Amino acid sequence: MKRNALYIVFLLVVNHVFTQDCDKTLSGRVIDFHDGVPLEGAAITFNSTTIKTNSNGMYKISGLCATSYAFTISHEDCNSQVVTIDINEVSKKDFYLEHHLNELQEITITGENVNKTISAQEETINESIIEKYSSASLGDALKEITGVSSLNTGSTIVKPIIQGLSGSRVLISNNGVRMQDMEWGDEHAPNIDINSAGKVTVIKGASALKYGGDAIGGVILVEPSKVPVKDTLFGKTIVTGASNGRGGTISSELMKGYKNGLFFKAQGTLKRFGDLEAPDYILSNTGISEKGVSLALGVNHFSSGWDINYSFFDSKIGVLEASHIGNLDDLRNAINSGQPDIIRDFTYDIENPRQEVTHHLAKVKYFKRFEKLGKLTTQYDFQHNQRFEFDLRRTEERSKIPSIDLELSTHTITSDFFFDANGTYNLSTGIMARYQNNFADPSTGVRRLIPDYDKYDLGAFFTGELFLNESLTLDAGVRYDFNHIDAQKFYFISRWELRGYDEDFSDIVVDRDVGGSQLKTNPTFDYHNISATAGVQYIFRNNYKFRFNYALAQRAPNPSELFSDGLHHSAARIELGDLRIKQELSHKISMSLQRDNNLWNWEIAPYVNFINDYILIEPITTELTIRGAFPVWEYRQTNARLLGVDTKLQTNLHTNWQTDHRFSIVKGIETKNDIPLINMPPANFVNKITFSQQRWNFFYVSLESQYFFRQNEFPPNIEVFSPDAGEEVELAINTPPEAYHLLNLDSGVEFSVNETSKLNIGFSIQNIANTNYRNYLNRQRYFADDLGRNFLLRISINY
Amino acid sequence: MNTNKFLSMIAIAGLVLTSCSSDDDSTVVNPEEVITTMTVNLVSDSDTVTLSFFDEDGADGPTAPVPTVSGSLSANTTYNGSITILNETEDPIEDITEEVRDEADEHQFFFISENVGITTAYTDRECDYDDEAGCDNGNTNPVGLTFTLSTSDTTGDGTLRFVLRHEPNKEAEGVAEGNIANAGGDADIDYTFNISVQ
């Protein structure tokens with residue numbers, strides 16, 4: 001548990017004018033605040049004299065004068081404390097030090113990252129990587145982590161995939177708040193401004209039970225940078241300009257801290273891009289406009305503190321116009337033609353189809369430390385997510401009305417207690433209560449894809465970590481979650497009967513005739529979910545680390561999986577949920593072996609994830625309508641197995657040269673019939689070589705090669721009747737695109753402007769060769785090539 | 001222990017949850033852009049043939065459209081065609097033909113026939129539906145709400161497909177002549193009738 005110690009040395013000038021006899025003494029002990037253990041070797045410094053405590057934590061200072069002294073008490077692994085004592089009145093004093101790094105008092109994240117779990121596979125990206133992606137998205141930045149890929153709609157809507165799983169299976173915690181931003185939709189990106197993050201950690205699996213029990217894919221923890229407890233004022237501004245899309249981002253952050261624990265923080269981002277470009281053509285209507293603001297205020301004392309956070313995120317995203325298709329023949333034509341059918345001149349205008357999403361997040365948190373016991377944290381948060389999707393509708397007037405208008409409001413209270421008084425183990429327990437309401441505005445004139453619902457969640461967890469000895473640590477935990485969903489859903493009577501609901505669910509019908517051949521139902525479902533995890537971390541021969549983890553997790557179906565029913569206009573497909581869908585149950589076994597010795601650092605991390613009743617959506621047939629035929633995508637459940645490995649290697653064989661290599665592969669199949677699962681990331685191999693020279697203003701330049709294999713394992717295509725062809729044809733809806741190789745360059749230098757200010761300039765080229773490629777995990781791969789070459793210039797100033 | 005704290009938290013949580021629950025009643029959405037019915041009247045000097053479909057739940061619902069063809073076409077005959085489209089889920093019934101006329105520049109019908117020697121020609125222009133501008137200032141691209149359909153001396157069974165494209169590129173090659181190949185846009189209607197020419 002060797003951590004970077006933090007020494008803050010305060011030199012306080014104490015009034016030395018005295019006339020008294022200097023024969024006073026001060027004695028006592030220095031004690032760990034948490035567990036009451038006396039601290040040996042703690043230093044007590046005053047007037048350039050230092051005295052150390054003995055093995056019982058005792059100290060005695062003699063020859064003091066009858067006046068006030070400022071004592072600085074410090075100890076390795078502790079935050080220092082300055083205490084002023086009037087020796088006239090006090091002769092015995094015990095000092096309490098906090099013998100753990102208080103996370104709120106971290107100043108910088110340097111060196112080894114503090115892990116979030118003991119035994120799970122996890123990886124963190126720090127501020128320098130985040131800055132590189134200032135003009136991109138969270139999902140783009142996370143792809144720097146081995147085993148993380150993304151499900152894209154174009155290149156601006158990026159959903160992270162962790163070891164083959166995404167959407168509701170990936171839990172995103174933003175500054176301690178579980179994001180509730182309609183993560184169920186494939187074209188719904190996380191509503192987070194990446195510039196608000198100080199670091200982002202990915203835990204590859206459901207092992208971080210504190211955050212939730214249903215993260216079968218994994219947990220993404222987005223944490224803002226911390227304001228230190230001292231008198232300080234600092235900030236950062238990043239400006240990025242990019243040639244592709246002819247736009248950029250400006251992001252600024254300012255922090256003010258006081259020695260008494262008070263702090264303020266403000267951060268804001270503006271981002272604007274016009275149409276992006278593939279190597280051969282403009283991707284019409286792919287512009288983006290984003291705004292983000294976050295504010296924080298709080299007091300962080302030694303033993304208690306509170307903070308208030310508010311953040312706002314607003315995005316307006318154009319969706320490639322050529323991807324808006326009428327029916328199956330249009331889709332077939334698009335797949336066969338290989339060119340988007342709408343290519344216009346470059347513009348910054350964002351027209352239909354487009355998304356407009358706003359997300360508000362407010363949080364109040366309070367913590368208190370109890371001597372010799374632990375820390376209590378209680379938090380209330382509120383989130384409001386408003387999503388509009390505008391489509392090309394039959395008339396211009398109608399096109400001004402959104403086709404989807406969903407308003408999701410969530411209130412959550414969490415409270416947990418962290419027992420860390422005992423040095424050999426710590427325990428954590430907590431509860432969570434959540435209420436969520438979804439309102440789908442009927443004024444769209446389009447039947448609701450997601451119905452109105454109320455949802456109630458309750459959860460409780462208990463986790464522990466046991467430090468057996470220097471090298472062996474165990475962790476385990478259990479969590480229970482209860483979900484209750486109460487929806488008001490309309491069905492076409494014809495669909496209701498076709499799905500056989502009239503036999504199985506006749507009791508939930510509340511009104512058999514609401515007009516328009518529809519009926520109204522009130523589905524209510526209860527889900528009881530158990531999650532559990534256990535694992536071990538073993539450190540041997542100094543620089544080898546072995547981790548093994550088992551995680552059991554249950555996930556209740558999301559509203560989309562249960563209730564989708566009807567034509568999803570923006571996707572030109574009929575999506576059918578199923579009221580009969582049950583929870584998924586995942587057993588994941590993962591391990592990792594890691595070696596860090598500076599010259600050669602490597603990690604190999606295999607895993608297997610058995611998911612019973614895995615919920616998936618895939619094309620099954622077509623439905624004939626007066627608008628032509630549409631592919632029908634239906635949710636169903638099956639038993640699945642995901643088997644994969646993530647590996648990485650870093651070499652530092654020369655002081656100026658570093659190489660990085662990453663390879664990851666995952667194979668997902670239905671265990672019953674060995675049919676591959678849809679949308680599994682293809683294997684990818686990334687190699688990077690970096691030259692750096694500190695003497696040249698920290699100059700570095702790196703060349704990265706990314707090779708994405710073709711996904712050769714995919715479910716069979718469907719046969720459909722095409723009116724154009726007048727016969728049954730194969731619709732290559734599942735066929736993955738070819739393998740591709742991308743080259744990227746990145747470079748940077750750093751200048752010191754003055755003692756406290758630094759200027760960083762970075763220059764990158766993405767897709768240097770201007771390669772034409774399509775990505776299997778991009779929903780727009782049927783319609784257009786992916787992005788062409790892009791030059792980026794990045795300037796950041798720290799002050 | 002902090003049992004009291006926990007209990008009070010649960011109490012607060014309960015309070016928030018109950019006070020937040022809304023009993024707002026969800027109202028039904030009758031899709032506005034539904035087309036349930038298309039009727040094509042083909043009138044010649046000697047006879048009238050009507051082709052129509054009826055889709056009770058629109059494109060959103062699973063019920064397949066039901067076609068009605070009143071009879072067979074006569075060989076070597078020219079018919080004057082006219083199209084009406086309706087949304088019969090609304091009360092009163094909504095005439096969508098009106099909407100197409102109002103935004104004639106953004107809509108165009110295409111007629112595609114196989115096997116039975118049928119040719120078609122547009123008999124309307126965008127400007128015909130624009131009372132203000134009239135036809136002196138251009139806007140002469142076809143719409144297809146009215147057209148002529150001519151049969152040849154070929155007889156037998158075949159198909160006649162009607163496509164209404166929204167936002168087609170009417171300037172693209174062949175589109176104004178009725179060739180769908182370069183039209184683009186997306187289909188509001190795409191339906192094929194089985195017909196016969198006697």
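Residue numbering restarts at 1 for every chain, and letters A, B, ... go by the order of the sequence lines. Source: prediction; values computed, not measured.
Contact check on B:Asp188 versus A:Arg393 returns no salt bridge, with no Lys/Arg side-chain nitrogen under 4.0 Å from an Asp/Glu carboxylate oxygen.
A:Lys520 has its side chain within reach of B:Asp25: a pair of non-hydrogen atoms, C-beta onward, lies under 4.5 Å apart. Using a 4.5 Å heavy-atom cutoff, the side chains of A:Ile626 and B:Phe53 are in contact. The closest side-chain heavy-atom distance from B:Ser26 to A:Arg448 is below 4.5 Å.
Remark: side-chain polar atoms of A:Glu623 are not paired, donor with acceptor, to backbone N or O of B:Ala64 under 3.5 angstrom. Distance alone, capped at 3.5 Å, is enough to place a donor-acceptor pair between the A:Arg627 side chain and the B:Ala187 backbone.
Residue contact with chain B, scored on non-hydrogen atoms closer than 4.5 Å, involves the side chain of A:Leu498 exclusively. Looking at B:Glu167, the atoms closer than 4.5 Å to chain A (heavy atoms on both sides) all sit in the side chain, from C-beta outward.
Counting heavy-atom pairs under 4.5 Å between each of B:Glu56, B:Glu106, B:Glu99 and chain A puts B:Glu99 at the top. Contact count versus chain B (heavy atoms, under 4.5 Å) is highest, among A:Val446, A:Asp341, A:Thr412, A:Asp486, for A:Val446.
B:Asp57 and A:Ser517 form no side-chain donor-acceptor contact under 3.5 Å, judged by distance and modelled atom types alone.
By the 6.0 Å contact criterion, CG on A:Asn336 is enclosed, its count of non-hydrogen atoms from other residues, nucleotides or ligands being greater than 12.
Once rounded to the nearest 0.5 Å, the distance linking CG of A:Leu392 with NE2 of B:His166 reads 7.0 Å. To the nearest 0.5 Å, atoms OH (B:Tyr191) and CG (A:Leu624) are separated by 6.5 Å.
Summarising the geometry of B:Glu103 relative to A:Glu397, their closest heavy-atom pair is OE2-N, 4.3 Å, with the distance given to 0.1 Å.
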